[in-house]
Amino acid sequence: MGEVNSNVSDGIGEHGKSFRVLIVDDSAFVLKQLQQILVSEQYTIAGTAENGEDAVKLYKELKPDLVTMDITMPKLDGISALQKIMEYDKSAKVVVVSALGKEDMVKKALLAGAKNYITKPLDRKKVLEHVKMVLRK
Amino acid sequence: MRLEYIKPFTEAAYEIFASYIVDGSIDVSNIVLEDGFVPVSGVALTSTLSGDVVGNIVIDMPVDPALSVVELMGDGQADMSNKLTVSTLQELLNLIAGLFVTKLESSGINVNISPPTVVYGQNAKIFTISFEALHIKINTSIGGFDVLVAIESEKE
């Protein structure tokens with residue numbers, strides 16, 4: 001009987017390819033943190049965006065497996081960008097990442113189509129758990 | 001300035017600082033009301049609140065503690081001419097303000113925060129929206145931070 005390989009990183013899908021993630025945040029610090037966390041589990045960073053407008057453009061170009069989306073950003077906020085992405089692709093997987101843990105904000109994000117919500121400060125384990133949960137559904 | 005804003009703010013500031021300065025040295029003290037302008041002692045972070053409560057939050061610190069907290073939050077050498085250092089400082093205020101706003105929501109107060117601004121230099125002053133501000137001194141092993149919270153209820 002073959003052995004199950006339990007050493008596969010979270011970022012590698014059943015097809016053996018790395019999941020591609022688009023990271024959206026206007027903070028260079030958060031972009032770097034999320035990149036480090038995801039790359040450590042062999043996710044591929046498909047691209048990064050610093051505002052909602054660029055996020056929507058890049059989503060259409062790159063068609064990532066998952067998007068992490070900040071809320072408070074210039075040009076176009078994260079909830080509006082999320083809505084535009086969901087209009088374009090109903091199957092889009094977006095995880096909201098925000099310092100705002102307000103219940104009404106979480107509800108708004110989930111109603112707009114977010115698959116999950118992570119509150120900052122970022123905890124490596126929680127980020128990986130939430131991302132894995134969304135991608136494995 | 002209503003007393004119900006003080007506890008959630010001091011708790012938020014303490015929790016965020018404590019998540020990075022882990023040697024237990026954080027002391028939140030000297031909470032006083034005073035005129036709402038801040039002489040910048042090196043680096044100041046400011047954000048605006050809107051919604052049920054309006055006003056400003058300012059965190060002021062000399063350059064050394066600013067660079068130290070950046071190094072604790074990230075993993076590189078901090079330098080005020082570096083975009084990542086400035087972004088890390090913005091995120092520090094974003095985290096404190098975000099947690100403060102989250103705590104206010106549990107009292108039925110709905111508030112939004114603006115992306116933080118960083119002011120770097122000396123001989124500058126930041127004026128807050130109201131001339132009455134809560135001044136909180138946060139002493140830590142990496143230096144002192146002065147926090148001013150100048151906010152008023154829109155409902156009054």
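- Using a 4.5 Å heavy-atom cutoff, the side chains of D26(A) and P115(B) are in contact.
- To the nearest 0.5 Å, atoms CG (L100(A)) and CD1 (I113(B)) are separated by 4.5 Å.
- In this structure, K84(A) places its NZ atom where only 12 or fewer heavy-atom neighbours from other residues, nucleotides or ligands lie under 6.0 Å away.
- A pairwise comparison of heavy atoms in L95(B) and K120(A) identifies CD2-CB, 3.5 Å as the closest pair.
- For E91(B), the part lying under 4.5 angstrom from a heavy atom of chain A is the side chain only.
- With a 6.0 Å radius and a threshold of 12 heavy atoms from other residues, nucleotides or ligands, K137(B) has its NZ atom above the threshold.
- Considering only heavy atoms from C-beta on, E103(A) stays 4.5 Å or farther from T102(B) through its side chain.
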Step-by-step side-chain contact (heavy atoms from CB on, under 4.5 Å) determination, M73(B) to F29(A): CA-CA 9 Å; M73(B) 289 175 71; F29(A) 169 71; 4.0 Å; yes
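- Looking at V86(B), neither its backbone nor its side chain comes within 4.5 Å of chain A, counting heavy atoms on both sides.
- Under the 4.5 Å side-chain criterion, counting only non-hydrogen atoms from C-beta, N112(B) is in contact with K102(A).
- Contacts between Y20(B) and chain A at a heavy-atom distance below 4.5 Å involve the side chain alone, from C-beta outward.
- Hydrophobic clustering (side-chain heavy atoms under 4.5 Å, transitive across Ile, Leu, Val, Met, Phe, Trp, Tyr) keeps L82(A) apart from M133(A).
- Contacts of D104(A) with chain B are made by both backbone and side-chain atoms, with heavy-atom separations under 4.5 Å.
- In this structure, E105(B) does not pair ionically with K107(A), as no charged nitrogen and carboxylate oxygen lie closer than 4.0 Å.
- Around atom NZ of K7(B), no more than 12 heavy atoms belonging to other residues, nucleotides or ligands sit under 6.0 Å away.
- Nearest heavy-atom pair across S19(B) and P121(A) is OG-CG, 4.5 Å.
- With a 6.0 Å radius and a threshold of 12 heavy atoms from other residues, nucleotides or ligands, E61(A) has its CD atom above the threshold.
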